[in-house]
Amino acid sequence: MTEKLIVLGSNGQIGTELVTALRKLYGEEHVVACDIRRPDYDMKNSGPFEFVNVLEKDTLNHIFKKYKPTQVYLLAALLSATGEQNPKLAWDLNMNGLLNILDLAIAYGTSKVYWPSSIAAFGPNSPKNNTPQFCIMDPNTVYGISKLAGERWCEYYFHKYGLDVRSIRYPGLISWKAAPGGGTTDYAIHIFHDALKKGSYTSFLNAETELPMMYMDDAIRGTIELMNAEAHKINIRSSYNFAGVSFTPEILAGEIRQHLPEFKLEYKEHDPRQEIADSWPKSIDDSHATRDWGWKPAYDLSRMTVDMLNNLKS
Ligand code: AKB
C-alpha cells in the first residue's frame with residue numbers, strides 16, 4: 001500500500017525537519033505539511049501544504065477525506081513557557097487537538113498516529129536523576145499536565161479501539177534550522193546564536209540547572225525509527241522515555257568556549273522558566289526504548305556543539 005502522511009504543525013521546530021526527513025523517505029508528494037501559518041519557501045515548494053487548525057473539526061475532516069492518510073504526525077502544541085502565559089488555550093490546543101486527531105484516525109482507518117509527549121510530563125516529585133519510565137508523575141505546568149493526560153488518552157485509544165498510536169517523551173531539542181517555539185529549554189538554542197553574533201549570552205536558567213536535551217538529528221531519527229518499528233515491539237503505548245545528553249548552562253558554555261574561547265555567559269536574576277526547569281528531571285532512563293526498538297543516540301555534547309556552530313556559521 002502506498003503510504004500517505006500528514007504532519008500537523010509542520011512549520012515548527014520539529015515539523016520543519018521531520019517533514020524534510022519524511023519526504024526523503026516516502027517521496028515529496030506523499031507527505032502533506034499542515035499548519036496555521038504560511039510555510040517557508042522550501043517547504044511549500046517541496047510538496048503539498050494545507051492550512052489547518054487542529055481545533056477546527058470541519059477542516060480536519062476535509063483533510064482526512066481528501067488525503068486518506070496512512071500515518072498522521074500531530075506536532076501542533078503550545079510549549080511549557082508560552083503555555084503558562086495562556087493556560088486555557090494550551091489545554092484546549094494540546095488536549096482537544098489530540099482528541100480530534102485520535103477520533104479522525106479511527107474514523108478514516110489511519111494505520112499509525114504519532115504524538116509527542118515531553119519530559120514536562122514529570123514533576124517535582126518524580127526522581128530527578130535517571131528518571132525511570134514508570135514513576136510518580138505530578139507535572140505542575142499546564143503543558144506538562146496536558147502531556148500526561150495525552151499519554152493516558154493515547155494508551156486508552158490503543159487498548160479500547162486498537163489504534164496504533166506511538167509516542168516519545170522529548171527532552172529539550174537543540175536545532176539550527178527553525179526557531180524554538182516558547183519552551184523552557186530554548187536557552188540551549190539561543191546561546192549558540194548569541195555566542196556567534198555577540199560573543200555573550202544571558203541565560204534565563206541558572207548555572208546549575210541540569211536538563212535532558214537532544215540534538216534534533218537524533219530526535220528525528222528516533223521518531224522515524226519508532227514509527228517504523230514492528231507493532232509487536234512497541235510495549236509502551238503511553239509514551240517512551242527518550243534520552244540524548246544532559247547538561248547545565250555552565251557545562252554548555254564550557255563546550256562552546258572550546259571553539260569560541262572569548263564567549264561570556266551571564267545569568268538573569270529571576271525568570272519564571274527557572275521554576276519550570278526545577279520541576280523537571282535532570283537525566284532520563286530510556287532503557288525501554290533501547291530494549292523495545294533499539295534506540296541509541298548518536299550525538300554527545302561535543303559533536304552537537306560542533307554541528308550547531310558550523311551550521312549556524314554558514
Ligand atoms: C519545553 O521546554 O517546553 C519543551 C519540552 C521539554 O517539551 N522543549
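None of the values given here were measured: they were computed from a predicted structure.
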Neighbour count above 12 (heavy atom, 6.0 Å) for [X] [atom1]:
{"X": "L99", "atom1": "CG", "result": "yes"}
{"X": "R38", "atom1": "CZ", "result": "no"}
{"X": "N235", "atom1": "CG", "result": "yes"}
{"X": "E275", "atom1": "CD", "result": "no"}
{"X": "L89", "atom1": "CG", "result": "yes"}

Stepwise side-chain contact (heavy atoms from CB on, under 4.5 Å) test for E155 and I236 = CA-CA 8 Å; E155 197 182 76; I236 291 174; 5.9 Å; no
Just verifying a value: how many Å separate [X] [atom1] and [Y] [atom2], rounded to the nearest 0.5 Å?
{"X": "E56", "Y": "N61", "atom1": "CD", "atom2": "CG", "result": "12.5 Å"}
{"X": "T70", "Y": "L5", "atom1": "OG1", "atom2": "CG", "result": "5.0 Å"}
{"X": "R166", "Y": "E225", "atom1": "CZ", "atom2": "CD", "result": "12.5 Å"}
{"X": "K112", "Y": "T110", "atom1": "NZ", "atom2": "OG1", "result": "12.0 Å"}
{"X": "Q85", "Y": "S80", "atom1": "CD", "atom2": "OG", "result": "10.0 Å"}
{"X": "M213", "Y": "I189", "atom1": "CE", "atom2": "CD1", "result": "8.5 Å"}

Heavy-atom donor-acceptor pair, [X] side chain to [Y] backbone, under 3.5 Å:
{"X": "Q13", "Y": "L173", "answer": "yes"}
{"X": "R257", "Y": "F263", "answer": "yes"}
{"X": "T82", "Y": "L78", "answer": "no"}
{"X": "E84", "Y": "V142", "answer": "yes"}
{"X": "S246", "Y": "K282", "answer": "yes"}
{"X": "E3", "Y": "Q71", "answer": "no"}
{"X": "N53", "Y": "I36", "answer": "no"}
{"X": "R237", "Y": "Y157", "answer": "no"}
{"X": "N310", "Y": "D307", "answer": "no"}
{"X": "D186", "Y": "G182", "answer": "yes"}

Within-4.5 Å side-chain heavy-atom neighbours: [X] and [Y]:
{"X": "I168", "Y": "W295", "result": "no"}
{"X": "S239", "Y": "C154", "result": "no"}
{"X": "V113", "Y": "L74", "result": "no"}
{"X": "N140", "Y": "P124", "result": "yes"}
{"X": "T59", "Y": "V54", "result": "no"}
{"X": "K147", "Y": "W115", "result": "yes"}
{"X": "N11", "Y": "D40", "result": "no"}
{"X": "P139", "Y": "I145", "result": "yes"}

Kindly give the heavy-atom pair with the smallest separation between [X] and [Y], and that separation in Å.
{"X": "L301", "Y": "T305", "answer": "O-OG1, 2.7 Å"}
{"X": "W91", "Y": "S146", "answer": "CZ3-CA, 3.7 Å"}
{"X": "S238", "Y": "R169", "answer": "OG-NH2, 4.4 Å"}
{"X": "K128", "Y": "S279", "answer": "NZ-C, 3.5 Å"}
{"X": "P48", "Y": "R23", "answer": "O-NH2, 2.8 Å"}
{"X": "S302", "Y": "E255", "answer": "CB-OE2, 3.2 Å"}

request  = Take the angle between the ring planes of Y215 and Y299 and call it parallel below 30°, perpendicular above 60°, tilted in between.
outcome  = tilted
ask   = Going by the angle between their ring planes, with limits at 30° and 60°, are F64 and Y108 parallel, tilted or perpendicular?
value = tilted
Listed pairs under 3.5 Å, donor-acceptor, residues 196-205 side chains, sequence neighbours left out:
unit_1	atom_1	unit_2	atom_2	d
K198	NZ	D194	OD2	3.3
S203	OG	L205	N	3.1
S203	OG	L205	O	2.6

Does [X] belong to the same Ile/Leu/Val/Met/Phe/Trp/Tyr cluster as [Y], with side-chain heavy atoms less than 4.5 Å apart forming each link?
{"X": "L211", "Y": "Y143", "answer": "no"}
{"X": "I224", "Y": "I6", "answer": "no"}
{"X": "M216", "Y": "M227", "answer": "yes"}
{"X": "L79", "Y": "L98", "answer": "no"}
{"X": "L75", "Y": "I63", "answer": "no"}

task = May I have the step-by-step check of side-chain contact (heavy atoms from CB on, under 4.5 Å) for T20 and S46, ending in yes or no?
result = CA-CA 8 Å; T20 308; S46 74; over 6 Å; no
query = Less than 6.0 Å separating the ring centroids of Y240 and W293?
reply = yes
message = Regarding D300 and R303, does a basic nitrogen lie under 4.0 Å from an acidic carboxylate oxygen?
response = no
task = I would like to know whether K296 and T290 meet side-chain contact (heavy atoms from CB on, under 4.5 Å); could you show each step before the answer?
result = CA-CA 6 Å; K296 197 171 180 292; T290 307; 5.9 Å; no
request  = For side chain to side chain donor-acceptor pair (under 3.5 Å), just list the numbers for E151 and S117, CA-CA rounded to whole Å, side-chain angles, deciding distance to a tenth of an Å, and then say yes or no.
outcome  = CA-CA 7 Å; E151 289 188 9; S117 184; 2.7 Å; yes
request  = Please check if any side-chain donor atom of Q274 sits under 3.5 Å from a side-chain acceptor atom of Y267, or the reverse.
outcome  = no
query = If you look only at pairs with a residue in residues 67-90, which of them pass as a ring pair (Phe, Tyr, Trp, His ring centres under 6.0 Å), with sequence neighbours excluded?
reply = Y73-Y114
ask   = Are L260 and L309 close enough, and set up right, to give a side-chain contact (heavy atoms from CB on, under 4.5 Å), and what steps lead you there?
value = CA-CA 10 Å; L260 304 168; L309 291 172; 4.2 Å; yes
